[in-house]
Each structure stands twice: as structure tokens, then as C-alpha cells.
Amino acid sequence: MDLNRRSLFKTALALGAMQVFPGISYAQARPLVFATFTGSWEEAHKAVLVPAFRKMTDNAPIVLDPMLSVDQIAKVKAAAANPPIDVMLHDPGPALIAIGEGLVEPYPVAKSAYYKDLISEAQVDTGPAPFFQVVGLTYNPETVKTPPTSWADLWKPEFKGRVGITNLNSTLGTGFLVEIAKMHGGSEANVDPGFAALEKLKPNLAAVAANPGALASLFQQGQVDISPGNFNAIQILKAQGVPVEFVAPKEGAIAFKTTMHIVKNSPNQELAFKLIEAALSPEVQAKLMAAPYLVVPTNSKVPMTGEIAKVLAKDADEMKKKFVFQDWKTINTQRSAWIERFNREIKI
């Protein structure tokens, strides 16, 4: 559904409610608006989360409005008193910006049925994390005969001109920079060693992609053989028959919390809470963990199965041991400068 059709749909629903209940305003009458991400996120939420929400709320109206985090924040800031969005979805960096700008409501933890069951890293009282995104090493098994085991393998001479990475506008790219900085004595507060390592990686680089989806497409096009990559994006390629595999590096796979937030001044705060509750529920998380979505669950009551159990972790305890959670509060204070530096220095 394109944006114009979405707007018309929301307006029609609201006007219908106003006719039935003439005392309510347009804002009160409009359906719940959930700003999900585009692509596989929208597909998964439409197929699994929306039906669960409707069942929980006696078929309450809901509209998915897929957009980037930066656009979600801009829309809410532009109409803070009467926001056009009720629930936002964010990676760690944008989430901190939205919280810092005062755009979200505290999550009502006390009345949540599932918050207590989330692993500790997912318990965020400004908006819990129903999902994790995981970044590790991805490679073409037809051209890379020995599976990689470390981030350091990207620098091997045999991969000259065959490595792909993303720029730092993506969470994947920024997270990768931080991890290679750590490998060379740096940290979230000091990524100079990471930039030095990227400079040495240049002979091996085939492409710098704009986002994880574009990076995954490079495997489909045969332009790269190995890269840091998003687990979900790679599994989607595998399902399409593209020769590609994912492996967690020995240094640990990078895990990014994907959090859901109730927008401040939303006229649909109770429904927003129920949508997030549905996303935290074991039933929804178990369905999203299954193919073709393969979303990493955060509810400790959900047994790990399938490709996630095989490749990432068998249970929540192993997940805590094998995943690397980065300090995005520190990252955010410097990320703009890093992006400028990357765009200036890392050219191929």
C-alpha cells in the first residue's frame, strides 16, 4: 500500500468512527499507526504481529506505515502535539535520539504481562526490545571453501577485490567499525584503530553498500564473496536460492536491540501498549522466529529452534554469552563525525 492509499485508508477509518461516535475528534478516531521498517520487517509484522494484535483487541483498526527511523522521528517532531504515529520502531542509535528528544512515553512495565520474561538486554523501560538483529560474517560457500571464523579473515589476501561492507549510515556499518576498533585496541570511545584497519582493507574492498539490503544484493549479483552481514537479510537470500552462509565470528556476533516505543501525546496509547505487548508475547515471537522471517526472539520463554538455534544460539543463556551488545550512548555522541570521516577517507 503506497503512502497516498495509506492516508486515504486512515482517513476513511477515522471518518467512519466519527460518524458512529460523533463526540470524538479525528485524532481520537483514527486507527493505530505503527511505523515499522520497510521490506521483510513490514512483511513479517503484517503476517504475524497485526493478526495477533487484532485478536487481542477485538479487531481494532491498525495501519502499518513503513519508514526509516530518521523519518519517524522527523514526523513526530513536526507534529508533537498531535503525532501522526502511535508506535515507533528503532535501532539503538535512533532510539536514543527519540528518547532524548522527549518523543516517547515510558513503557508501563507494571501492567505488562511479558516484560519480566525478556532477557535483561531487552528490558528497556522507555520501549522494550521485542526483536534482535544480529550481524556476523557472511560468505559465498561456492567461492569461499574454508568458512571464515573471525572478522580478521576479511583482510586475507585471497579476498582481494571481493569484500563488501556498508557505510556508517547503517547500524551494521557503525557496529562493524566499533568491533574492528576493539580488535586493535580501541573502543566505542576510540575508533581510530578501526579507521586504520579499514584503510588496510581497501585493496580487498569490492563495494561499499548504502545499507544491509543493498549489501545482501551484492551476493545475489556475484559482486562480493564475503562481508559483515545481517542474519535476517542473508536468510532471505538463502530462501531465494542464493549461495550464501552466515557464521558468528569467534569475537562474538553483534546484536542490536530493535525497540518499540509508545509515542508521546498519541491518542491511542492503550492500543499502542497492546501492540507492543503482542510483539513481546511468546506466541508472536515463536512465529516470527520460524521461516521465512527468522527474527531472533527476546522472550526467554521462547525455545530457540531451526536456523537460529543452529547458527546463533540454542537458548537465551547462550545468546547472552555469544552476542556482543555495544554502548550506543557513547557511539551516538560521535557517530555524525565518524560518518563524515568514513565518507571522506574510505573511498574505493
Side-chain angles (χ1 to χ4, degrees), residues 68-70 73 89-101 104 118-129 131-138 150-155 163 165-202 205 208-212 215 227-231 248-259 261 296 298 312-313 319-346:
L68 298 173
S69 284
V70 63
I73 292 170
L89 183 70
H90 291 309
D91 286 344
L96 288 172
I97 293 172
I99 294 164
E101 295 277 357
V104 307
L118 303 180
I119 69 169
S120 57
E121 289 81 2
Q123 292 183 352
V124 186
D125 60 10
T126 49
F131 324 108
F132 282 150
Q133 296 184 63
V134 180
V135 171
L137 286 161
T138 58
S150 166
W151 296 120
D153 289 343
L154 297 172
W155 281 259
V163 174
I165 61 174
T166 66
N167 63 32
L168 301 197
N169 292 325
S170 75
T171 304
L172 185 159
T174 300
F176 173 62
L177 171 65
V178 169
E179 286 311 294
I180 62 174
K182 289 179 181 178
M183 285 177 61
H184 295 86
S187 66
E188 285 91 342
N190 174 24
V191 295
D192 286 345
F195 274 104
L198 285 178
E199 186 66 31
K200 294 178 181 177
L201 185 63
K202 282 183 179 180
L205 289 180
V208 177
N211 54 61
L215 179 60
S227 78
N230 182 291
F231 174 79
K250 65 182 181 182
E251 295 86 4
I254 308 168
F256 300 120
K257 291 181 285 194
T258 303
T259 48
H261 305 268
V296 181
T298 61
L312 296 179
M319 186 164 61
K320 292 178 185 179
K321 294 174 185 176
K322 293 177 69 173
F323 288 1
V324 174
F325 293 92
Q326 298 171 332
D327 178 6
W328 276 84
K329 186 175 181 180
T330 299
I331 291 170
N332 259 20
T333 62
Q334 308 164 82
R335 191 178 180 191
S336 295
W338 296 352
I339 291 172
E340 290 180 9
R341 181 177 175 183
F342 181 95
N343 293 342
R344 184 175 63 249
E345 295 182 6
I346 310 302

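Every value quoted in this text rests on a predicted model; they were computed, and no experiment measured them. When reading the values below, keep in mind they use all heavy atoms of this one structure, side chains included, and skip hydrogens, waters and symmetry mates.
Taking all atoms of both residues into account, the shortest heavy-atom contact from Pro193 to Ala181 is CB-O, 4.0 Å. Glu251 approaches Trp151 most closely through the heavy-atom pair OE1-N, 3.3 Å. The two residues Phe256 and Gly175 have their closest heavy-atom pair at CZ-CA, 4.0 Å. Between Val134 and Val296, the shortest heavy-atom distance links the atoms CG2-CG2, 3.8 Å. For Asn211 against Ser170, the heavy-atom pair with the smallest separation is CA-CB, 4.4 Å. Heavy-atom minimum distance, Leu137 versus Pro249: CD1-CB, 3.9 Å.
Using modelled atom types, no side-chain atom of Thr298 and backbone atom of Leu118 make a donor-acceptor pair closer than 3.5 Å. Remark: side-chain polar atoms of Lys322 are not paired, donor with acceptor, to backbone N or O of Ala253 under 3.5 angstrom. At least one donor-acceptor pair closer than 3.5 Å links the side chain of Thr138 to the backbone N or O of Ser227. Side-chain atoms of Lys200 do not come within 3.5 Å of backbone N or O of Trp155 as any donor-acceptor pair. No donor-acceptor distance shorter than 3.5 angstrom exists from the side chain of Asn343 to the backbone of Glu340, with no hydrogens or angles considered.
Considering CD of Glu188 and OG1 of Thr333, their distance stands at 10.5 Å, rounded to 0.5 Å. Between atom CG of residue Asn230 and atom CG of residue Leu215 there is a gap of 9.5 Å, rounded to the nearest 0.5 Å. A distance of 10.5 Å separates NZ in Lys257 from CD in Gln123, rounded to the nearest 0.5 Å. Expressed to the nearest 0.5 Å, how far CD1 of Ile165 lies from CD1 of Ile346 amounts to 7.0 Å.
Among residues two or more places apart in sequence or in another chain, the side-chain hydrogen bond (donor to acceptor under 3.5 Å, both in side chains) test is passed with Glu179 by Lys182, Gln326. Residues satisfying the side-chain hydrogen bond (donor to acceptor under 3.5 Å, both in side chains) test with Ser187, not counting sequence neighbours, are none. Considering only residues two or more places apart in sequence or on other chains, Trp338 meets the ring-ring contact (aromatic ring centres under 6.0 Å, His included) condition with none of them. Taking Phe231 as the reference, Phe246 meet the ring-ring contact (aromatic ring centres under 6.0 Å, His included) condition, with sequence neighbours excluded. Ile99 is linked by a side-chain contact (heavy atoms from CB on, under 4.5 Å) to Val104, Thr126, His261, counting only residues two or more places apart in sequence or in another chain.
His90 places a side-chain heavy atom less than 4.5 Å from the side chain of Ile73. Within the 4.5 Å cutoff, no side-chain heavy atoms of Asn167 are placed close to those of Ile339. Between Leu154 and Pro228 there is a side-chain heavy-atom pair separated by less than 4.5 Å. Leu177 has its side chain out of reach of Phe342: every pair of non-hydrogen atoms, C-beta onward, lies at least 4.5 Å apart. Between Asp91 and Trp328 there is no side-chain heavy-atom pair separated by less than 4.5 Å.
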Q: Please test Asp153 against Lys250 for salt bridge (Lys or Arg N to Asp or Glu O under 4.0 Å), starting from the C-alpha separation and ending with a verdict.
A: CA-CA 11 Å; Asp153 289 343; Lys250 65 182 181 182; over 6 Å; no

Q) Given Glu121 and Phe323, is the side-chain contact (heavy atoms from CB on, under 4.5 Å) satisfied, shown in steps? A) CA-CA 11 Å; Glu121 289 81 2; Phe323 288 1; over 6 Å; no

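For residues 324-335, no residue pair satisfies the salt bridge (Lys or Arg N to Asp or Glu O under 4.0 Å) rule, not counting sequence neighbours.
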